[in-house]
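Accompanying notes for the structure given below.
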Amino acid sequence: MKEMGHQFVLVLDFGGQYNQLIARRVRECSVYCEVKPYTTPLREIKAMDPIGIIFTGGPNSVYLEDSPQVDPEIFRLGIPILGICYGCQLMAHHLGGQVTEAQEDSAREYGKTKTYFDTECKLFRGLPEEGFSWMSHGDYMAKVPEGFSLTAHSAACPNVAIADESRGFYGVQFHPEVNHTENGTKMLRNFLYEVCGAVGDWTMEDYCKTAVRELREKIGAGKVLLALSGGVDSSVAAALLAEAIGKQLTCVFVDHGLMRKNEGDEVEAAFSKWDFSFVRVDAEERFLQKLKGVSEPEHKRKIIGEEFIRVFEEEAKKIGAVEYLAQGTIYPDVIESGFGDAATIKSHHNVGGLPDAVDFKEIVEPLRLLFKDEVRELGRELGLPEYLVMRQPFPGPGLAIRIIGDITKEKADTLREADAIFREEIAAADWDKQINQYFAVLTNMRSVGVMGDGRTYDYTLALRGVTTTDFMTADWARIPYDLLDKISVRIVNEVQGINRVVYDITSKPPATVEWE
């Protein structure tokens with residue numbers, strides 16, 4: 001972090017579901033941070049020279065023998081520490097407090113909880129004395145460590161928050177990083193600025209300059225092949241690499257036959273005139289052949305990830321002496337593919353879907369530590385047009401993970417047409433700026449219908465629309481009924497093979513944005 005010149009906050013990951021949101025909120029406050037596993041050695045933590053450390057939540061109980069722990073010396077580094085949920089209990093456990101399983105249901109707290117704050121505490125300074133916080137804990141601090149005071153409480157819990165302000169140690173039983181906690185980001189900001197002494201030196205302009213410099217140093221005179229999908233992430237990666245190494249970059253767009261309607265031609269039109277080599281590979285037949293009869297989603301992703309690599313290797317040999325493969329991997333891709341002790345939600349084709357052996361010296365991922373909104377901001381910093389920066393997200397495996405069950409060209413064509421109608425009507429109704437991602441899913445369910453006085457037995461199509469800022473959490477979009485009705489009527493009438501349309505009203509969590 002010293003090389004980048006930024007102040008740095010370390011987020012130690014104990015396996016909780018909201019951990020990456022903490023990093024996102026910290027960066028929103030113009031402070032750079034990274035998430036590292038709780039097993040990170042103390043010597044490495046010292047070398048990072050953080051101005052503050054945040055312990056995340058997690059699913060374990062600190063008093064159990066196999067629960068994640070930290071080196072107790074971390075509390076003697078003189079660095080401010082904020083513990084969240086499990087992190088709060090971990091701090092109490094190590095500093096002389098006592099954490100036990102809640103003996104009464106009233107001591108367990110889940111969901112939105114009315115909370116009362118001591119606004120003399122630096123963590124809550126300048127905030128309202130009461131508000132709702134998001135709880136998720138079944139354990140209880142039966143004894144608070146010596147030197148700590150109680151700084152927040154609820155009707156059921158007297159020690160919702162604790163603080164030893166002389167040492168800069170703070171703990172909260174709730175999750176300030178989630179939107180459900182009122183003023184949660186302001187609490188994190190108070191920790192960063194009031195406690196850790198942050199100055200707010202993390203800006204996208206500075207990141208851009210630093211990333212360009214580091215890419216030049218890393219790649220030198222080497223050649224780079226970028227896997228370009230035409231989506232936001234790979235487009236920004238292309239612009240960043242073009243800025244850094246220019247004509248040393250070749251962008252390869254693999255048209256695997258699972259793109260949206262007309263998308264292959266649109267990608268080619270958008271990038272073929274840029275000041276780097278652009279290659280379009282027609283690989284529909286080979287991908288569909290590899291995917292024939294495969295219905296399990298993780299298997300699909302693995303096949304697609306490996307086949308992408310093989311195509312890129314072939315193209316690299318044609319170019320000659322290509323050392324680096326570049327990808328538009330972003331932080332949520334890394335997280336959901338498994339990070340530290342966190343569960344693998346789904347393998348992204350460009351992370352968990354990669355084969356063990358690749359015929360490149362190294363894989364370059366210049367966006368690997370950025371969230372989606374930061375990627376868009378970087379794109380603007382690089383001068384990309386707004387239509388590319390705000391392009392609808394589209395997964396690398398494409399329609400393969402929007403076709404439930406086995407994949408055929410006929411199914412892909414059916415889904416392409418239905419999805420195009422959905423997107424066309426959303427844009428026509430001026431709803432495209434209000435929904436962060438929307439698409440159609442061809443389910444594997446067939447049902448009876450009536451069309452033209454005859455019986456049909458065709459597929460059910462699911463529509464999905466979500467609103468989000470970071471794609472780590474998302475809420476289903478409240479598309480007006482009359483617009484959904486218009487879309488449904490058009491799809492059933494114009495797309496052969498579909499006789500029923502449903503709308504997905506599930507948020508993330510518990511669902512993911514994509515169905516597979």
Side-chain angles (χ1 to χ4, degrees), residues 226-235 237 252-261 263-264 266-267 280-313 325-330 332-338 344-355 358 363 365 367 372 391-416 418-420 423 437-444 461-462 464 466 471 504 508 511-516:
L226 170 69
L228 179 64
S229 70
V232 178
D233 305 331
S234 65
S235 297
V252 175
F253 167 54
V254 179
D255 189 345
H256 50 22
L258 296 162
M259 304 295 290
R260 290 174 288 202
K261 188 175 181 179
E263 194 154 37
E266 291 172 3
V267 170
R280 179 176 178 176
V281 181
D282 183 359
E284 178 182 45
E285 189 175 339
R286 67 186 285 177
F287 271 85
L288 290 179
Q289 187 60 38
K290 287 280 186 179
L291 291 164
K292 188 175 181 179
V294 177
S295 59
E296 203 278 318
E298 279 293 284
H299 193 190
K300 289 180 187 176
R301 290 175 179 272
K302 297 287 186 183
I303 289 171
I304 291 168
E306 175 158 3
E307 200 61 19
F308 263 124
I309 290 293
R310 300 307 167 223
V311 174
F312 295 137
E313 287 173 344
L325 171 67
Q327 297 188 137
T329 308
I330 66 173
D333 298 341
V334 177
I335 304 318
E336 292 189 340
S337 295
T344 298
I345 299 168
K346 57 188 177 186
S347 293
H348 287 259
H349 79 287
N350 54 343
V351 186
L354 290 177
V358 296
I363 293 177
E365 297 171 317
L367 312 180
K372 179 71 77 173
R391 189 169 187 149
Q392 275 281 308
F394 188 60
L399 301 183
I401 58 168
R402 293 179 179 173
I403 297 172
I404 310 303
D406 66 318
I407 300 164
T408 65
K409 184 175 182 352
E410 291 71 29
K411 286 184 179 180
D413 288 340
T414 297
L415 180 54
R416 250 187 289 273
D419 182 74
R423 291 190 291 121
Q437 189 167 355
Y438 51 95
F439 55 89
V441 176
L442 186 64
T443 75
N444 205 24
L461 184 86
R464 176 76 158 146
V466 299
F471 288 88
D504 182 350
K508 174 187 180 180
T512 56
V513 174
E514 298 287 345
W515 274 39
E516 288 193 343

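Within a 6.0 Å sphere centred on CD of E285, other residues, nucleotides and ligands contribute 12 heavy atoms or fewer.
In this structure, NE2 in H256 is found 12.5 Å from CZ in R286, a value given to the nearest 0.5 Å. Between the CD atom of E410 and the CG atom of L415 there is a distance of 13.5 Å, given to the nearest 0.5 Å. Remark: W515 CH2 to I404 CD1 distance equals 6.5 Å, nearest 0.5 Å. Summarising the geometry, atom CZ belonging to R301 is positioned 12.5 Å from atom CD1 belonging to I303; distances are rounded to the nearest 0.5 Å. The distance from atom OG1 of T414 to atom NZ of K409, rounded to the nearest 0.5 Å, is 10.0 Å. Between the CZ atom in F394 and the CG atom in D233 there is a gap of 13.0 Å [rounded to 0.5 Å].
Considering every non-hydrogen atom in both A412 and G257, the closest pair reads CB-O, 4.4 Å. Minimum interatomic distance between G328 and A237 (heavy atoms only, all atoms of both residues): CA-CB, 4.2 Å. The two residues V311 and F287 come nearest to each other via the heavy atoms CG2-CE1, 4.2 Å. Nearest heavy atom pair, residue V254 against residue A283, reads CG1-CB, 4.0 Å. Closest non-hydrogen pair, S234 versus L228, comes out as OG-CD1, 3.5 Å.
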Tell me, with the steps shown, if F253 and M259 meet side chain to side chain contact (heavy atoms under 4.5 Å, CB included). CA-CA 11 Å; F253 167 54; M259 304 295 290; 3.7 Å; yes
Inset, instruction - Starting from the C-alpha separation in whole Å, work towards a yes-or-no answer on side chain to side chain contact (heavy atoms under 4.5 Å, CB included) for L325 and I309. - result: CA-CA 9 Å; L325 171 67; I309 290 293; 3.4 Å; yes
Next on the checklist: Run the side chain to side chain contact (heavy atoms under 4.5 Å, CB included) test on I330 and E365 for me, step by step, so that the C-alpha distance in whole Å, both residues' side-chain angles and the decisive distance to 0.1 Å come before the verdict.
Outcome noted: CA-CA 8 Å; I330 66 173; E365 297 171 317; over 6 Å; no
task: Assess whether salt bridge (Lys or Arg N to Asp or Glu O under 4.0 Å) is satisfied between E307 and R310, documenting all intermediate values.
output: CA-CA 5 Å; E307 200 61 19; R310 300 307 167 223; over 6 Å; no
Show your reasoning for whether side chain to side chain contact (heavy atoms under 4.5 Å, CB included) applies to R416 and E263.
CA-CA 10 Å; R416 250 187 289 273; E263 194 154 37; over 6 Å; no
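A salt bridge is defined here as a Lys NZ or Arg NE, NH1 or NH2 lying under 4.0 Å from an Asp or Glu carboxylate O, and R260 with D419 fails to meet this definition. Between E296 and K302 no salt bridge is recorded (no basic side-chain N to carboxylate O distance below 4.0 Å).
No donor-acceptor pair closer than 3.5 Å links the side chain of R464 to the backbone N or O of E514. Within the 3.5 Å criterion, the main-chain N or O of A400 finds a donor-acceptor partner in the side chain of K300. For the pair S229 (side chain) and G396 (backbone), a donor-acceptor distance under 3.5 Å is absent.
Looking only at side-chain heavy atoms (C-beta outward), K508 and V466 stay at 4.5 Å or farther from each other. No side-chain heavy atom of I407 sits less than 4.5 Å from a side-chain heavy atom of V294. Counting heavy atoms from C-beta on, the side chains of E516 and R402 never come closer than 4.5 Å. I401 has its side chain out of reach of L258: every pair of non-hydrogen atoms, C-beta onward, lies at least 4.5 Å apart. Counting only heavy atoms from C-beta outward, the side chains of R391 and E266 approach each other to under 4.5 Å. Here the side chains of Q327 and L367 are not in contact, with every heavy-atom distance at 4.5 Å or above.
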